[in-house]
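Written below as structure tokens is the structure these notes are about.
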Number of protein chains: 2
Amino acid sequence: MISKKCKYALKALTFMAKNKDRSTPIFSSEIASKEGIPKKFLEAILRELRNVQILQSRRGKNGGYRFNKPPNEIYLTEVMRVIDGPIALLPCVSLNYYAPCEACEENVCSIKGVFETVRNETLSILGNTSIQSLVN
Amino acid sequence: MISKKCKYALKALTFMAKNKDRSTPIFSSEIASKEGIPKKFLEAILRELRNVQILQSRRGKNGGYRFNKPPNEIYLTEVMRVIDGPIALLPCVSLNYYAPCEACEENVCSIKGVFETVRNETLSILGNTSIQSLVN
DNA sequence: AATAAATCCTATAAACTTTATAGGAATTAG
DNA sequence: CTAATTCCTATAAAGTTTATAGGATTTATT
């Protein structure tokens with residue numbers, strides 16, 4: 001399961017993609033009310049997305065958020081990794097968040113293989129789906 | 001991520017499949033020590049697997065656990081659903097644990113589609129992989 | 001009948017994660 | 001100077017995970 005936070009992030013980005021031709025930045029307050037996301041929680045999410053250069057922000061009056069790269073170049077894998085961490089179902093099979101399984105000798109690990117397959121299939125779907133494509 | 005509990009369940013079942021030709025049932029204590037699983041925690045797991053007819057058990061001296069159906073007919077989906085619940089990444093996309101997303105009108109949900117695709121791919125892998133196949 | 005050895009069951013708890021909320025600081029436009 | 005926005009830190013409530021404790025129950029054997 002992805003977290004609610006991650007769902008909020010995807011919803012927020014999709015909302016922004018839907019409105020990407022506006023001349024002004026988008027307020028967190030607008031996204032929060034239109035998408036039903038708690039405002040302060042959403043602020044934290046948007047800040048994380050800005051920290052990894054998915055978004056850019058402007059403070060002060062008439063501030064708000066914009067994409068830092070076109071939404072058809074932002075893939076779900078990137079967003080999900082930022083918000084939720086690993087996509088793989090086992091730590092020892094994660095590409096971006098690898099961690100060894102403690103008491104498990106990996107060379108002979110019985111369950112590793114199938115979860116590598118799942119990871120590959122999942123990444124090939126989520127890594128080829130852009131935020132923009134969710135709008136269309 | 002699957003839980004440690006689920007990993008323990010898969011490891012335990014794999015261990016049992018590896019030893020499926022024994023004439024006597026297998027003790028939880030043996031599995032616990034050989035696989036490095038906390039004994040009491042493992043007992044709870046094995047009981048759950050017995051409750052759903054994956055295993056059968058005998059109490060008392062010379063008791064222990066056996067498969068209730070051949071391990072080549074036990075698929076990872078079944079085990080994972082018993083222990084961890086839904087396999088899908090979104091509640092509204094789960095086949096066995098469906099739950100509606102609260103403030104999300106599903107007909108127009110932007111993110112639902114891609115997670116259905118992920119679910120289908122994941123199920124086709126995990127649903128065709130048996131416990132027995134992990135041994136081979 | 002007594003004993004040993006196994007599963008079964010319930011309650012509890014420590015640690016961690018998730019999902020926020022509160023209160024303001026900093027910045028910017030007008 | 002004011003209003004409106006993002007930014008930041010601390011806190012907390014609730015839920016989940018990962019066990020542990022202590023025995024109850026069952027069964028085979030002696």
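Just so we're clear, the structure is a prediction, and the values are computed from it rather than from any experiment. Note on naming: letters A, B, ... go to the chains in the order of the sequence lines (proteins, then strands), and numbering restarts at 1 for each one.
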With a cut-off of 3.5 Å and sequence neighbours excluded, list every side-chain donor-acceptor pair involving residues 53-64 of chain B.
residue : atom : partner : partner atom : Å
B:Gln53 : NE2  : B:Asn51 : O            : 3.2
B:Gln56 : NE2  : B:Asn68 : OD1          : 2.9

Donor-acceptor list for residues 121-129 of chain B side chains, cut-off 3.5 Å, not counting sequence neighbours:
residue  : atom : partner  : partner atom : Å
B:Thr122 : OG1  : B:Val118 : O            : 2.8
B:Ser124 : OG   : B:Glu121 : O            : 3.2
B:Asn128 : ND2  : B:Ser124 : O            : 2.5
B:Thr129 : OG1  : B:Ile125 : O            : 2.8

What donor-acceptor contacts under 3.5 angstrom involve side-chain atoms of residues 38-50 of chain B, with partners at least two apart or in another chain?
residue : atom : partner : partner atom : Å
B:Lys39 : NZ   : B:Glu43 : OE2          : 2.8
B:Glu48 : OE2  : B:Lys5  : NZ           : 2.8

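Applying the side-chain contact (heavy atoms from CB on, under 4.5 Å) test to B:Ala88 and every residue at least two apart in sequence or in another chain returns B:Val93, B:Ser94, B:Arg119.
A straight line from CD1 of A:Ile45 to P of D:dC7 spans 14 Å, rounded to a whole angstrom. When rounded to the nearest whole Å, the span between CE of A:Met1 and P of D:dT17 equals 11 Å. Rounded to a whole Å, the CZ atom of B:Phe41 is 15 Å from the P atom of D:dT16. The CG-P distance, from A:Leu42 to D:dT5, rounds to 14 Å in whole Å. Between A:Glu48 atom CD and D:dC8 atom C1' the separation is 13 Å, expressed in whole Å. When rounded to the nearest whole Å, the span between CG of A:Leu55 and C1' of D:dT6 equals 13 Å. Atom CD1 in B:Ile83 sits about 15 Å away from atom C1' in D:dT16, given to the nearest Å.
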Note to self: Does the protein touch nucleotides 23-30 of chain D at the base, only the backbone, or not at all? Give it as B, S and - per nucleotide, heavy atoms under 4.0 Å.
What the structure shows: B-BBBSS-
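For DNA chain C, the outermost nucleotides in 5' to 3' order that have an atom under 4.0 Å from a heavy atom of chain A are C:dT19 to C:dG30.
Residue B:Ser29 is classed as having no contact, given no heavy-atom separation below 4.0 Å to the nucleic acid. Heavy atoms of A:Phe27 sit under 4.0 angstrom from primed sugar atoms or phosphate atoms, though from no base atom.
When the nearest nucleotides of DNA chain D are assigned to A:Ile26 and B:Ser3 by heavy-atom distance, the more 5′-ward of the two goes with A:Ile26.
Side-chain contact between B:Thr77 and B:Asn96 is absent, with no heavy-atom pair separated by less than 4.5 Å.
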